[in-house]
Every structure is written in C-alpha cells, then in structure tokens.
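Keep in mind the model is a prediction, meaning the values are calculated, not measured. Below, chain A is the first sequence line, B the second, and so on; all start at residue 1.
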2 protein chains.
Amino acid sequence: MGTVGRQKLSASLEDYLEAIFNLADEAEGARSKDVAEALGVARSSVTGAMQALSEKGLANYRPYGCVTLTRSGRAVAAEVVRKHNILKSFFISVLGVDNDTAQQAACRAEHALGSEIIGRLLSFIEYVTESNKNGHDVADEFRRFHKKHATRQAQMVTQ
Amino acid sequence: MGTVGRQKLSASLEDYLEAIFNLADEAEGARSKDVAEALGVARSSVTGAMQALSEKGLANYRPYGCVTLTRSGRAVAAEVVRKHNILKSFFISVLGVDNDTAQQAACRAEHALGSEIIGRLLSFIEYVTESNKNGHDVADEFRRFHKKHATRQAQMVTQ
DNA sequence: TAGAATAGTTAGGCCACCCTAACTTCGTCA
DNA sequence: TGACGAAGTTAGGGTGGCCTAACTATTCTA
C-alpha cells in the first residue's frame, strides 16, 4: 500500500488523524497518551486506531514509538482540519455563535459535510468579510436581525 | 417508562424515527418494509430498531403490526425533520447548492448540529429572505461573488 | 544501574448496527 | 378454505469502536 486511494474513513478514524495532526510537532510525532487525552478515550483504544491507520497507509506506527502521519495521512488530516476551521469560522463570524458551541459543532459536522458545501461555506465567509469592507456588513446586519427576532427562538424547548 | 426524558438518540435511531415520521399516514402508521426501503437497510434491521425505539417509549410497536410514533417519538422526529429542512433550505437558498447535494448533506448534518446553531441558521435564512425584499438580495449577491471566485475552488482536489 | 513510575500493548468483553438465511405470520384469491 | 407469496421475525454472524485489567516496555531518578 502507501499512497493509495482514500476509501472513506470513519468519523472516528478521522478524529484520530486530526488529533495526531494537531499534536505532532515536526520532529517528534504524537504521543499515544496525548491522543488518548485529546479525544477522551482509553489509551488502548488509541493503539487499535493507530494500527488501523497504519494498515491504511495513513500513519507511521510502530509499537512504543511516536506516531507520525504519512504523506497521504497528512493530506486527509489537513482536509479534516480545513473543514473544521471553515465550519467553526462560519459559526462564529457569520452566525455569531460562541466559541465553545462553534468548536463542538464543527467537530461533529466536519465529518458530515462534503467539500462542495464546505467550499461554498468558505466562499460565503469571504463574501461576508468583503461585505464588511464595502460598508455593508452582512454579519453585523444579521446579528441585529437575529437579536430582534430572538424572542421566538428563546421559547423553543429542544435539546 | 413512556414519556420519559430524551437520552441522546443515536444517529441511526434518529434516522428510523424520521423515516417513520415521513412514511406514517395518520391512521395506518408505517410499514416495516417501507422503512427498510427508505433507509436502504434489511428488513430485519428495521425489526431491531423498532424494538429499540419501542423500549425507549418512542414508537408503538408490536410484532406484525404497523409502527406509529408515540407523542414523544413524534416530538423527537419532528425536531429531526425540522433540522433537516432548515439545513437543506440553507444549503439551497443561501449557498446555492443543488437539490441532491443539499438533501444528502442535510441527512448527515442533521444529527451533528444542536438547536442553537440550527436556530441561528433558520434566522439567517429569514434574514436573507428579508434582504431580498429590501432590495438588497444577499443570496443573489453571494451567488455572483461565488461564481466570480469559483475558479480557485475548481482547482481543488479533495473528495 | 535498579527499581518505581509512566506509557503502551494485549486480551477479553460489551454494545450498536448491520447482514443473510431460515422460519413464521398474514392476506389474498382460486 | 387452503395454499402461496409477501411481509415480518428470529437466529446467528461480522465489524467497528469502546472499555477494563493485566501485562510489557520505557524512562526517570535515587
């Protein structure tokens, strides 16, 4: 195997990939313990995931060593992170959601949305940013709109 | 049990609930076979899910009968459907995505986003709709913006 | 440098979900 | 009314993902 075609990773494995990507410092790679902590998972679960990622040619794993990503692992991870950041940014800077909620939602939605929609979302953020410079701030206008109409939302029960 | 507090349904069970909700006609309820077909799943899988929903007090299930939702099952299903529709509507009418892509993405994202964000998304759609009436059509403006900048997106590889 | 503390692995188990194959029940119609 | 086809269920199996407990390797420190 090696740089082989992507065969639809599970959300779970994408999470591991993302965690390694975020934790690995250039030289060292990520420590299993830190991955476990980052994902709130037992250390033994990380071992299993590392083996899976290794088999798919996405991570360089050998027992008791630090984990690094292969070239293609890095590519997949980077795409997940990219989705994450775009979503979070959209939630915060367009919808006006607080940081924690945005972070949490981005974590879950990043596995659900394809790059068609993510691409448009990015484009939309850029559009909103531009609108600001053009003296017609869409984000701000929406925030005022939302506040005005928020009473309705406040009545809703739901989770 | 019965009308007991919602204990975080799995995405899968939410899908079953949604399917039943969409299939059940007033008097009859939904047929197991149709649920299986709607979700692209074996009939035996539906049986299992019906038992699970029944245990949670969300569906009225008895062997060989049509399935209906309980009051609380209907409430949960309605919320899932609501999320679905808001997402789909956002993807289509704001982001300008085609129907199929929107439908598919809504199916996956509806389980990932809480009502805080869904609420704001709804609000945003309303804002965009209003903006249209006010002679400053945000959706249309974005679409032009996106088209102009689309070349960049087109170069991207990804899934 | 040995032993204690920490990190990592393995073994074994559990649960959610899905499947196929075989069986049961239901509904229909000759 | 009885037999046949369709619908539904049960049994049994597979996978993925998580856990704990017990073991092994590594690292740190006295």
Side-chain angles (χ1 to χ4, degrees), chain A residues 6-20 23-25 27-69 73 76-77 80 107-108 110-112, chain B residues 6-20 23-25 27-69 73 76-77 80 107-108 110-112:
Chain A
R6 32 202 69 149
Q7 344 123 56
K8 271 287 175 211
L9 277 187
S10 67
S12 171
L13 286 187
E14 281 190 3
D15 282 336
Y16 283 102
L17 230 35
E18 192 180 10
I20 297 168
L23 287 170
D25 37 331
E28 280 289 293
R31 325 223 29 206
S32 181
K33 188 232 172 171
D34 297 326
V35 174
E37 200 169 307
L39 296 178
V41 124
R43 296 196 308 275
S44 61
S45 303
V46 177
T47 303
M50 293 310 96
Q51 289 165 351
L53 290 176
S54 188
E55 261 165 35
K56 292 176 193 297
L58 298 170
N60 302 115
Y61 164 77
R62 47 169 218 291
Y64 298 102
C66 285
V67 203
T68 56
L69 299 180
V76 175
V80 175
C107 275
R108 313 242 272 124
E110 71 198 12
H111 310 295
Chain B
R6 33 201 69 148
Q7 347 122 57
K8 272 287 174 210
L9 275 188
S10 68
S12 171
L13 286 187
E14 281 190 4
D15 281 336
Y16 283 102
L17 229 34
E18 191 180 11
I20 297 168
L23 286 170
D25 39 330
E28 281 289 294
R31 327 222 25 206
S32 181
K33 187 231 171 173
D34 296 326
V35 174
E37 199 169 308
L39 297 178
V41 124
R43 295 196 308 275
S44 60
S45 303
V46 177
T47 303
M50 295 309 97
Q51 289 165 349
L53 290 177
S54 189
E55 261 166 35
K56 292 176 193 299
L58 298 170
N60 304 113
Y61 164 77
R62 45 168 219 292
Y64 299 102
C66 285
V67 203
T68 56
L69 297 180
V76 176
V80 175
C107 277
R108 314 242 272 125
E110 72 198 10
H111 309 296

Between [X] and [N], is there a side-chain N or O to OP1/OP2 distance below 4.0 Å?
X: Tyr64(B); N: dC23(C); result: no
X: Tyr61(B); N: dT9(D); result: yes
X: Ser12(A); N: dC18(D); result: yes

Original post:
Given Val35(A) and Ser32(A), is the side chain to side chain contact (heavy atoms under 4.5 Å, CB included) satisfied, shown in steps?
Top reply: CA-CA 5 Å; Val35(A) 174; Ser32(A) 181; 5.7 Å; no
Original post:
Going by number, which of residues 39-51 of chain A have a non-hydrogen atom under 4.0 Å from DNA chain C?
Top reply: Arg43(A), Ser44(A), Thr47(A), Gln51(A)
**OP:** Supply the atom-to-atom distance Thr47(B) OG1 to Tyr64(B) OH, rounded to the nearest 0.5 angstrom.
**Re:** 8.5 Å
Rounded to whole angstrom units, what separation is found between the [atom1] atom of [X] and the [atom2] atom of [N]?
X: Tyr16(B); N: dA16(C); atom1: OH; atom2: P; answer: 14 Å
X: Arg62(A); N: dT26(D); atom1: CZ; atom2: P; answer: 10 Å
X: Arg31(B); N: dT25(C); atom1: CZ; atom2: C1'; answer: 13 Å
X: His111(A); N: dG16(D); atom1: NE2; atom2: P; answer: 17 Å
X: Lys33(A); N: dC28(D); atom1: NZ; atom2: P; answer: 13 Å
X: Glu28(B); N: dG27(C); atom1: CD; atom2: P; answer: 11 Å

Original post:
With side chains defined as the heavy atoms from C-beta onward, is the minimum distance between Ser45(A) and Tyr16(A) less than 4.5 Å?
Top reply: yes
Original post:
Between Val67(B) and Asn60(B), is a side chain to side chain contact (heavy atoms under 4.5 Å, CB included) present by the stated rule, with each step listed?
Top reply: CA-CA 6 Å; Val67(B) 203; Asn60(B) 304 113; over 6 Å; no
